[in-house]
Amino acid sequence: MADAGGCREVAVLSRGAESPEGERHGLWRLAVENPGWTKAVAGQFAMLRPLRFGRELTWARPLSLFGVTPERVEFFIQVAGRGTAHLAAMNPGDRLVMWGPLGRGFAVEPDTPTLLLAGGVGLAPFAPYIAAHPRPDNLRLVFGHRPPLAAYPFAKMAATIQAESFHEEKPGDLDRFTALLRERLADYANGLVLACGPRPFLAAVADMGRAAGARVQVSLENRMACGVGACLGCVEKDAKGELVQTCVRGPVFWARELAAFDGGLETPGSREGCACGN
Amino acid sequence: MADAGGCREVAVLSRGAESPEGERHGLWRLAVENPGWTKAVAGQFAMLRPLRFGRELTWARPLSLFGVTPERVEFFIQVAGRGTAHLAAMNPGDRLVMWGPLGRGFAVEPDTPTLLLAGGVGLAPFAPYIAAHPRPDNLRLVFGHRPPLAAYPFAKMAATIQAESFHEEKPGDLDRFTALLRERLADYANGLVLACGPRPFLAAVADMGRAAGARVQVSLENRMACGVGACLGCVEKDAKGELVQTCVRGPVFWARELAAFDGGLETPGSREGCACGN
Amino acid sequence: MRELSVTLAGLHLKNPVITASGTFGYGLEFSRYGDLKALGGICVKGLSLAPRQGNPMPRVAETPCGMLNAIGLQNCGVETFVRDKLPFLPWRDTAVIANLYACDAEEFAELAGVLAAEEGIAALEVNISCPNVRAGGILFGQDPAMAARVTEAVKKRAGIKPVMVKLSPNVTDIAAVARAVEAAGADILSLVNTLSGMSVDVSSRRPRLANVIGGLSGPAIKPVALRCVWQVCRAVDIPVIGMGGIASAEDALEFILVGAHAVQVGTANFLRPDFAFRLVEELPPLLERLGVSSWEEFRGTLKV
Amino acid sequence: MRELSVTLAGLHLKNPVITASGTFGYGLEFSRYGDLKALGGICVKGLSLAPRQGNPMPRVAETPCGMLNAIGLQNCGVETFVRDKLPFLPWRDTAVIANLYACDAEEFAELAGVLAAEEGIAALEVNISCPNVRAGGILFGQDPAMAARVTEAVKKRAGIKPVMVKLSPNVTDIAAVARAVEAAGADILSLVNTLSGMSVDVSSRRPRLANVIGGLSGPAIKPVALRCVWQVCRAVDIPVIGMGGIASAEDALEFILVGAHAVQVGTANFLRPDFAFRLVEELPPLLERLGVSSWEEFRGTLKV
Ligand SMILES: Cc1cc2nc3c(=O)[nH]c(=O)nc-3n(C[C@H](O)[C@H](O)[C@H](O)COP(=O)(O)OP(=O)(O)OC[C@H]3O[C@@H](n4cnc5c(N)ncnc54)[C@H](O)[C@@H]3O)c2cc1C
Ligand SMILES: Cc1cc2nc3c(=O)[nH]c(=O)nc-3n(C[C@H](O)[C@H](O)[C@H](O)COP(=O)(O)OP(=O)(O)OC[C@H]3O[C@@H](n4cnc5c(N)ncnc54)[C@H](O)[C@@H]3O)c2cc1C
Ligand SMILES: Cc1cc2nc3c(=O)[nH]c(=O)nc-3n(C[C@H](O)[C@H](O)[C@H](O)COP(=O)(O)O)c2cc1C
Ligand SMILES: Cc1cc2nc3c(=O)[nH]c(=O)nc-3n(C[C@H](O)[C@H](O)[C@H](O)COP(=O)(O)O)c2cc1C
Ligand code: FES
Ligand code: FES
C-alpha cells in the first residue's frame, strides 16, 4: 500500500551522546532502522513520533537527516522540550512512527566554492552533506555553538573539510561571531552559502550573504504538525507574498525566495483571518 | 509537611512474574521503595501513578497491598487496561507517585476459623493476611483462577496454610466452583469468611455465606479517581441506603453492611441526579 | 462484517471513513502514504471563492491530547481547486466532498453554484463555524436563524448534490441549531468543528497563536464531540456524520454507536499520515470481534 | 516575589491557590497530604439545603488527559457541613468558600442565608452550571437572565460575604452571561465549570456514566477554559478566578496572565493528593525565574 518512502513503525537501534558534555547538554545521536529509504538528500528531514507519545503529545517532531545507510537512519537531537526529551531518552528496541524523507534539501554544486554555516544543532544536516559531496575540498564550515564543542560531531566533520568553530559564551561574543561570519562570507561572491540554525542567525547570514554577493540557502525550522503539506501550520511568506508550506517547499529555500530573508521589509502576516479554528 | 503515610514519589525496585505463565498472562509482581509506612493491614490498598502517565492517564490506579517490609512495598498486578499495562512494564529505577496505605482492611480474629476466598488477582491481599496472622492453623484458602496456577503466588501461600485451588477452564466449571465454595462455606457457621475477587463472585459468596451462617467480609474494586474520599466516584450503597465511599469506608466491608450484598433486593441507584458534571 | 459501505442522503461511501476538512490538504498530499481509493471519502480544505492567505504565524500549537489551530482558512480558491486538484483525485471511487467557507449567505450560494456543476464533487459540506463578517463576527453556526439562512441559500444552488452542514460545538444548544438546519433543507449534518480555545506562553507573555484564539481538536475533545453527536442524532431525522478526536477504530465506532452514519478523522492524520488508511483496515477485524454483522444492527444502539 | 497574597472584593487569600469544589471533599480528606493552612482557599463540595445522594454508579470515567464525572451533587447538606465539618477546617488561615447548589432561585437564597451567618465562611460560590428544575432542565448558567436572577437572590441574603458566581463554559457567549451576572451584583466570577461530555464503551454498548452525560475536566479542557477566562476578563470589571485543567504552576500562571486574580485547581488533586500544596510551593521559584515582582505587574499583561 504505502511505498518504501511512506510511513513506518521502526525500532531504535542505538542512542548515544558524542561525549559526556553532549549528555550533559542534552545533545544526542539517535539511530533507527531504515524502513527502506534509498534516496535522501542532505537538508531533508523526517517526522518522528515515539509510540510513547500516546495521545498526549499530538505531533511527530521534525528532525533533519544526520545520516542514512541501507540499515539505519540517524538523527542528531537537542532536547528543547517534552517531545525531544522523549526522543532523546529512547532505548534500543523502543518503537516510533517515522515518515520521510521529506522536503527539499540543500543544493549541491560540486565545483562551486561552498560555505556551510551552522548554529548549534543546525550542524546536523551538514554531516550528510559533507559525506555525500563529490568535492570536499570546495567546502568550508563555520560552526557557532554554546554548549562545549565536544558535545557536537564537529571533530569528525573537521577531519574531511576545512572547518572552524566559534564558542559563544558571553553576550559580547555574538558580535564577534557575526564579524567572523561577515569576514568568511566576503570570500563567497557568486559562491554558494548554506545556513542552518536559529532564525536570527539565518536572517543575519542572508543579509550579509546578499551584501557579499553570495547565493544563500537557509533551512527553516518552522513549527510543523503534519510534515506533508496538509495542515498549513508551517507556512512562510515567499517573495511574491504567497504563503508556502515549509515542509514541502522547504525546509531549505533560497534566501531570495522568502519575504523575511530577501532583504525587503518584512511584511506583517495577513490580517484577513478568521476567528474560527479552521 | 505531609506525614510518612502521605503521598510520595518512589522508585521501582523490581518487577517480575511468578513464572513464564505469569508473564504470558499479564500477571506481575511490582516492588517499590517503602516511603516510610510502618503500619499497614492486609486488605488496605495504595494509589499508584507512574510519572509516565504524564497527563494522558488522569487517575492513579488502586492496588491492594501484597507485601510491606521496611524497605519495600509489593503489589501483584493483573494487566486489565492501559494503566495496569504501564504499571506492569515498569523497570527498576522508574518512578511513580504513591499514596497510602488507604482504606480499611480485613478483620483478624486469631481464634476464629477463617475461610479465605479468592478469585483471580483477588488473591493479592491474602498473601500479607496469611503472613501476619497469628494462628495460620485457623486459616483455609480456596482460590479460583483462569490463567494457570503457576502464574500466581499460590504455592508459597499453600505452604503455610491449608489451601486448594480450582482452575476454571470451560463454561460449566463455574457451577462446579460455586458448588465447591458452598461445600466449604458449610463448615463456617459463625466463622469468618473473607472474599476478594470479581463482583459476581463476591455476590455469590455473600449469599452462600449468609445461608451458611458465616460472617462475611467482601473487598470491593469500585472505580476510583482519588482514593481519599473526595471525588465520590467510588461510592456504594450501604444497608441504610446511604452512599459511602469505598476508598475510605472500605474497600473491605461486612457483606451485611452493603445494600448489594445484604441479601435484600438490590435497590436501583438514586435517580434524583443532575445533568451537570458536578 | 463484509459490507462496510453506507449510503446517506444519496451520498455513497464505500466505508464510513472520511478525512476531515483542513487536515488532509487536497488529498493528494497523502497519496504517498496510502491508496486514496481505499477511503470512504475525502473532505478537502475549506474552499472560498477567491484564494485566501489565512492568519499570521504561528497558527498551530500543541495542547494536552490535542492541538489548537488558527489557519484562517488559507486556500487556493475554488477555481484553482477545480482546475488543478480535483482532476487528480480518485473521485469515481472515493467521495470527494467540498468544504465551503464564505463570509455571507450570498457568497456561500455562489460557491455552491460553482461546485454543483462539478461531476467530481460528491457532496457539499457547509462550514458554518466561521464568523459572519456582516453580523459583527458571531459565527453562522452559533445562531439557528443564520445557520438556516445559509443552508437554504446553499441548498438552492446545489442542484442534485447532497448538502451537508457542519456544526460548531461552541453553542448553548446544538440540537436547536441542528433542527433549524434540518428544517432549512440540509440533507446531512456533520459535527463537530473545533472548540474555541487558547494557549499562552508565560515566559514571553504571548499567545501561542498569533490570532490569540483558535480551534481545539484531537482526542481531548472527543467526549464533547460524542455528546454533541448523541444530542443531535436524537434531535433530527437526517443522517449525521460524527467527528472530533477520533484516534482509533474504537473511537470511530463510538460515534456510530451513538447514532452517526459515518465519521470524519481530522487531527489523527497528523499522528501519522497513514492513519485514515489504517483505520479503514482496522474496522473489519474490530467489528468481527464485537460481533457486529451490519451497520444497521449497530448504529445508534447505545443502551441507556 | 515574596508577597503571594491577593485580595479580591474583600476576599483575602494568602496565595492565589484555591482547591475547586467537588475535587477536595470537605477539605479534611486532604489533611494527611499537606497543611491545609498553606492553601489560599478551599472550595468545599457543592452544598444543598437537604443532603443529596447524587447519581447512580458509575459516576466517573477517565478520558484522554481528563475525566468525566456525573456525581450528581451528592453532599451531606448544609446543616451537617456547618456542624460537623466547618469547625475542623482552619478557616482563620485559609479562606473556606462554600459552593452552593439549588434547584431554584428561592432555594439558592435560603442556602445563602444559612451560610451568611457562619463566621468560618469567607465567601459564597454560586454554582449555576446546574439544571433549573423549574425551567425544564436548562442550566441557570446557560441563560443570562436566569443567571442574573439567581445572583440577585443570593446577593440579597449573603450579608457581607462576597458572592462569587461560577460560570458554565457550555454557552454560546460566556461574556454575555458574565456581564449579566456582574450587573446583578456578583462580587467575583469563577470559571469554568466542566464541559458537557460523554463516553461510551463499544463492547458493552453502554455509556461509561450511568447518567450518560457528565462533565469533562482536566488538562484536556485547559485551552477552552483559558479562552473563557480571557473573554470574561475583558468583558467585566469585577475580579475573576480562573480554573480548568490546571496541572502545573505554569498552567496556573497562564490564567493570571490572561487576567485572573486567583485560580482553582480541581482534577489535578486526583493526580496526586498533595498537588495543591506543591503548587503553592512551586509558585515563588517560578515567579522568580520569570522575573515577576508582583501580581499587579503580571496579571492580565498578555501581549496581544
Ligand atoms: C525541518 C526541521 C528540521 C529540524 N531538525 C532538527 C534536528 O536535526 N535536531 C534537532 O534537535 N532539532 C531539529 N528541529 C527542531 C525540532 O523539531 C524541535 O526542537 C522540536 O520539534 C521541539 O519539540 P519539543 O517537544 O521538544 O519542544 P516543545 O516543548 O514542543 O517546544 C520547544 C520549542 O520548540 C518549538 N517547536 C515546537 N514544535 C516544533 C516543531 N514541530 N518544529 C519546530 N519547532 C517546534 C516551540 O515553539 C518551542 O519554542 C528541526 C525542525 C524542523 C522544522
Ligand atoms: C481497592 C482496590 C484494590 C485493587 N487491587 C488490585 C490488585 O491488587 N491487583 C490488580 O491487578 N488490580 C487491583 N485492582 C483493580 C485495578 O485497580 C484495576 O484493574 C485498574 O485500575 C484498571 O486500570 P487500567 O487502566 O489497567 O484499566 P482501564 O482501561 O482503566 O479499565 C479496565 C477495566 O478496569 C475497570 N477500572 C478502571 N479503572 C478502575 C479503578 N480505578 N478501579 C477499579 N476498576 C477500574 C474499568 O471499568 C474496566 O472494566 C484493585 C482495585 C481496587 C479498587
Ligand atoms: C489544522 C486544521 C484545519 C482545519 N480546517 C478546517 C476547514 O478548513 N474547514 C472545516 O470545516 N473544518 C476544518 N477543521 C476542523 C476539522 O475538520 C474537524 O472538524 C476538527 O478538527 C475536529 O476533528 P478532529 O478532532 O478529528 O481533528 C480544521 C482542523 C484542523 C486541525
Ligand atoms: C468529581 C468532580 C466533582 C465536582 N463537583 C463540583 C461541585 O460540586 N460544584 C461545582 O461548582 N463544581 C464541581 N466540579 C467542577 C470543578 O470544581 C471545576 O470547575 C472543574 O472540574 C474544572 O476544573 P479542573 O479541570 O481543574 O478540574 C466538580 C468536578 C469534578 C471533577
Ligand atoms: S507541517 Fe503541515 S503543512 Fe507543513
Ligand atoms: S475514589 Fe474518590 S471518593 Fe473514593
Side-chain angles (χ1 to χ4, degrees), chain A residues 1-9 47-49 51 53-61 81-83 96-102 220 222-237 241-248 260 267-278, chain C residues 21-26 29-30 32-35 38 45-46 52-74 101 127 129-131 137 139 168 193-197 210-211 213-220 247 267 269-274 277:
Chain A
M1 196 173 78
D3 70 31
C7 176
R8 290 292 163 85
E9 197 180 306
M47 296 291 282
L48 277 74
R49 192 168 188 283
L51 298 192
F53 278 12
R55 292 181 184 183
E56 182 169 357
L57 298 194
T58 306
W59 304 331
R61 298 303 193 252
R82 305 219 307 144
L96 50 83
V97 173
M98 180 168 79
W99 58 102
L102 300 167
L220 300 188
N222 290 7
R223 212 177 291 172
M224 293 180 179
C226 73
V228 304
C231 72
L232 303 177
C234 68
V235 295
E236 183 77 25
K237 187 164 284 182
E242 301 275 299
L243 293 171
V244 299
Q245 297 101 312
T246 58
C247 60
V248 290
T267 45
S270 122
R271 275 280 169 194
E272 63 168 348
C274 172
C276 67
N278 279 170
Chain C
S21 179
T23 66
F24 210 68
Y26 299 109
E29 293 85 346
F30 288 81
R32 179 175 170 190
Y33 303 99
D35 180 0
K45 174 71 192 167
R52 285 172 56 90
Q53 294 256 43
N55 287 327
M57 295 274 290
R59 299 167 160 196
V60 289
E62 211 181 33
T63 68
C65 288
M67 64 174 283
L68 286 165
N69 91 80
I71 303 300
L73 287 153
Q74 175 179 349
Y101 164 79
N127 178 5
S129 308
C130 288
L139 311 191
S168 166
N193 211 313
T194 55
L195 271 68
S196 178
N211 192 54
I213 289 179
L216 183 65
S217 61
T267 302
N269 295 311
F270 306 156
L271 300 185
R272 48 189 303 169
D274 54 0
F277 307 104

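Below, chain A is the first sequence line, B the second, and so on; all start at residue 1.
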Inset, instruction - Report the distance from atom CE of Met67(C) to atom SG of Cys231(A), rounding to the nearest 0.5 Å. - result: 6.0 Å
Inset, instruction - Measure across Phe270(C) and Cys226(A) and return the closest heavy-atom pair with its distance rounded to 0.1 Å. - result: CD2-CB, 3.6 Å
Inset, instruction - To the nearest 0.5 angstrom, please state how far the CZ atom of Arg272(C) sits from the CG atom of Leu96(A). - result: 10.5 Å
Inset, instruction - Sort out for me which of Lys45(C), Arg59(C), Glu62(C) touches chain A most, counting heavy-atom pairs under 4.5 Å. - result: Glu62(C)
Legend entry - Heavy-atom closest contact (Asn193(C) atom, Gly277(A) atom, distance): OD1-O, 4.0 Å
Legend entry - Contact class of Val97(A) relative to chain C, heavy atoms under 4.5 angstrom: side chain
Inset, instruction - Output the distance between atom CG (Asn278(A)) and atom CG (Asn69(C)), rounded to the nearest 0.5 Å. - result: 6.5 Å
Legend entry - Under 4.5 Å from a heavy atom of chain A, the part of Pro219(C) involved: side chain
Legend entry - Heavy-atom contact with chain C under 4.5 Å, split by part of Arg49(A): side chain
Legend entry - Residue Ser21(C) versus chain A: region with a heavy atom under 4.5 Å: neither
Inset, instruction - Work out which heavy atom in Phe30(C) is nearest to a heavy atom in Ala230(A); give both atom names and the distance. - result: CE1-CB, 3.4 Å
Inset, instruction - Nearest 0.5 Å please: distance from the CZ atom of Arg55(A) over to the OG1 atom of Thr267(C). - result: 12.5 Å
Inset, instruction - Output yes when a side-chain donor or acceptor of Gln53(C) lies under 3.5 Å from a complementary backbone atom of Gly241(A), and no otherwise. - result: yes
Legend entry - Part of Ala220(C) within contact of chain A (heavy atom distance under 4.5 Å): neither
Legend entry - Arg32(C) side, atom CZ; Cys7(A) side, atom SG - distance, nearest 0.5 Å: 10.0 Å
Inset, instruction - Could you tell me which of Pro58(C), Gly218(C), Gly66(C) has the largest number of non-hydrogen atom pairs under 4.5 Å with chain A? - result: Gly66(C)
Inset, instruction - Any chance you could measure Leu232(A), atom CG, to Asn55(C), atom CG, to the nearest 0.5 Å? - result: 11.5 Å
